[in-house]
Amino acid sequence: MDRWVAEAVRKIEADFQRSADTHLFKLTIPQLKDVDIYLKDESTHPTGSLKHRLARSLFLYALCNGKLCESTTVVEASSGSTAVSEAYFAQMLGIPFIAVMPRSTAKSKIAKITFYGGQCHFVDSAPEMHDAAARLAEDTGGHFMDQFMYAERATDWRGNNNIAESIFFQMQQEPHAIPRALVMSAGTGGTSATLGRYIRYRGYDTRMIVVDPENSVFYDSYVQKDPNLTSNCSSRIEGIGRPTVEKSFQPDVIDEMMKVPDAASVAAVLWLERLIGRKAGASTGTNLWGALRVAKEMMQKNQKGSIVSVMCDGGDRYLDTYFNPDWVRETIGDTRKYTNELDRWS
C-alpha cells in the first residue's frame with residue numbers, strides 16, 4: 001500500500017479511537033403510556049452531526065479503493081452537514097475539499113466548512129448539485145465522493161460500531177430492550193439502509209420506518225415502487241429529502257414510510273427544545289414527529305415497547321432559519337396546528 005494512503009487510514013482510525021460513542025437518551029413525555037421514546041444524539045460527534053460517521057466511512061472507502069492520493073481534491077455534493085464532516089477529514093489528511101451546495105444552505109454550515117479549510121461552490125437548487133459536483137471533480141482532476149451513490153456501501157452494516165450496533169447495545173438494559181421500531185429520515189438513504197440491514201442480520205423483531213419531508217421523492221417512490229421519480233423542488237428540511245431516488249436508498253429493507261409535513265418537523269424541533277432544553281436541526285423534528293405517530297398507534301393498540309430515533313445534529317447552526325420565527329413564517333408557514341397537537345403530549 002502507498003505510504004501516504006496507509007498513513008491517511010491510520011489517522012482516520014486514530015481519530016475514531018479517540019472518539020467516545022454518542023449518547024442514547026430517553027425522552028420524558030408525560031402522556032406516553034407504556035411506550036418509551038429514545039433519541040440517539042449524533043450532535044456530539046466532533047463535527048456535530050450524524051454525517052461524521054458517513055464522512056469517515058466515505059474517506060476510508062475512497063482510500064482503500066485507490067481513489068485518493070496526497071494531491072487529490074475531494075469534491076462533494078452536500079447541503080451542509082456531510083460537507084462539514086468531509087471538510088474535517090480532508091483537513092486532517094491535508095488535501096483540498098470543495099462542497100457543492102444550494103445557495104440557501106444555512107450560513108453557519110458554510111462557516112463551519114470554511115473553518116475546516118473547505119471551499120464552497122454554490123448552485124441555485126438541490127437538483128443541480130450532483131452534475132455540478134461531477135463536472136467540478138473532472139475539471140480539477142479530483143475525486144467526487146458522491147455520498148448519494150456510496151453511502152450505503154461504504155458503511156459496514158453488519159457491525160463495526162456502526163449506528164445500528166451502537167443503538168442495540170445501548171438499549172440492552174432498558175425495560176423494552178429490543179425496540180418495536182426504529183424511525184429515521186432519509187438524506188442519502190445510507191443510514192436507513194444500515195439500520196434496516198442490521199435488523200435483518202440480527203433477526204430482531206423491529207420495524208424500520210423511514211420518514212420523509214415535503215418536496216422529496218423517496219416516499220412517493222416507495223409507495224409507487226418507482227425508482228425513477230424526480231422532482232424540481234428542493235427540500236426545506238436541510239439534510240433530508242431528495243429530488244431524485246438516490247442509489248443509496250434501499251426500499252427493500254424498509255417496513256414502512258411516512259410523509260411528514262415540513263411545518264410539523266419545525267414545530268416538533270421547537271417543542272423538543274422546550275422538552276429537553278437543547279436545540280436540534282429540523283430533520284430531528286421530522287424523526288420525532290414520526291416517532292410520536294408510531295407511539296400513538298401503539299398506545300391505541302394497547303402495545304408496550306420502545307421506539308428509537310436519531311437527533312441528527314444540533315440546532316445552533318440553524319439559528320437564522322428554523323429558530324427564527326420570521327423565517328419560519330415566510331418559508332415554512334403556520335406551525336400552530338402541529339404545535340397544538342404536540343402540546344397535548346406534555
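On a predicted model such as this, the values are computed, not experimentally measured, just so you know. For reference, positions follow the sequence shown, starting with 1. Side chains included, hydrogens not; waters and symmetry mates left out as well; all remaining heavy atoms used.
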Contacts under 3.5 angstrom, residues 218-225 side chains, donor-acceptor by atom type, not counting sequence neighbours:
residue	atom	partner	partner atom	Å
S221	OG	D226	O	2.7
Y222	OH	I254	O	3.2
Y222	OH	D255	O	3.4

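More than 12 heavy atoms of other residues, nucleotides or ligands sit less than 6.0 Å from atom CZ of R153.
Salt bridge status for E214 with R236: present, with a side-chain N to carboxylate O gap under 4.0 Å. Look at R53 and E42 and you find a salt bridge, because one of the NZ, NE, NH1 or NH2 atoms lies within 4.0 Å of a carboxylate O, short of that distance. One finds a salt bridge joining D41 and R278 here, because a Lys/Arg side-chain nitrogen approaches an Asp/Glu carboxylate oxygen to under 4.0 Å. With respect to the salt-bridge test (charged N to carboxylate O, under 4.0 angstrom), the residues D124 and R103 qualify. Of the charged side-chain nitrogens involved, at least one lies within less than 4.0 Å of a carboxylate oxygen, so that R10 and E7 count as a salt-bridged pair. A salt bridge is absent between D156 and R197: the closest approach of a Lys/Arg side-chain nitrogen to an acidic carboxylate oxygen does not fall below 4.0 angstrom. Contact check on K247 versus E152 returns no salt bridge, with no Lys/Arg side-chain nitrogen under 4.0 Å from an Asp/Glu carboxylate oxygen.
Below 30°, between 30° and 60°, or above 60°: for Y198 and Y204 the angle between ring planes is between 30° and 60°, a tilted geometry.
Under the 4.5 Å side-chain heavy-atom criterion for Ile, Leu, Val, Met, Phe, Trp and Tyr, L292 and L272 are members of the same hydrophobic cluster. In this structure, L50 is not a member of the same hydrophobic cluster as L39, with clusters built from ILVMFWY side-chain heavy atoms closer than 4.5 Å. M92 and L54 fall within the same hydrophobic cluster, defined by Ile, Leu, Val, Met, Phe, Trp and Tyr side-chain heavy atoms under 4.5 Å apart, directly or through other members.
Both cation-pi conditions hold for R242 and F148: the charged atom is under 6.0 angstrom from the six-membered ring centre and inside a 45 degree cone around its axis.
Counting only distance, with no hydrogens or angles, the side chain of S235 and the backbone of G241 share no donor-acceptor pair below 3.5 Å. Side chain of N287 to backbone of S185: a donor-acceptor contact under 3.5 angstrom is found. A donor-acceptor pair is defined here as one N or O able to donate and one able to accept, closer than 3.5 Å; such a pair exists between the side chain of R200 and the backbone of G196. A donor-acceptor pair is defined here as one N or O able to donate and one able to accept, closer than 3.5 Å; no such pair exists between the side chain of T82 and the backbone of S78. Of the possible polar contacts, one joining the S248 side chain to the A151 backbone as a donor-acceptor pair under 3.5 Å is found. Side-chain atoms of T335 never come within 3.5 Å of backbone atoms of A263 as a donor-acceptor pair (strictly under, hydrogens ignored). Between the Q91 side chain and the Y116 main chain, a donor and an acceptor come within less than 3.5 Å of each other. Within the 3.5 Å criterion, the main-chain N or O of Y61 finds a donor-acceptor partner in the side chain of N65. Using a distance-only test at 3.5 Å, with no hydrogens or angles considered, no donor-acceptor pair links the side chain of E273 to the main chain of A280. Using a distance-only test at 3.5 Å, with no hydrogens or angles considered, a donor-acceptor pair links the side chain of S306 to the main chain of H176.
Tested against H52 for a ring-ring contact (aromatic ring centres under 6.0 Å, His included), the candidates F16, F59, F89 yield a single pass: F89.
The shortest non-hydrogen separation linking S216 to P213 is CB-O, 3.5 Å. Minimum heavy-atom separation, Q170 to L24: OE1-CB, 3.4 Å.
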(Q) Apply side-chain contact (heavy atoms from CB on, under 4.5 Å) to residues L275 and W345 and explain how you reach the verdict. (A) CA-CA 11 Å; L275 189 69; W345 287 101; over 6 Å; no

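The aromatic ring centroids of W271 and Y338 lie 6.0 Å or more from each other.
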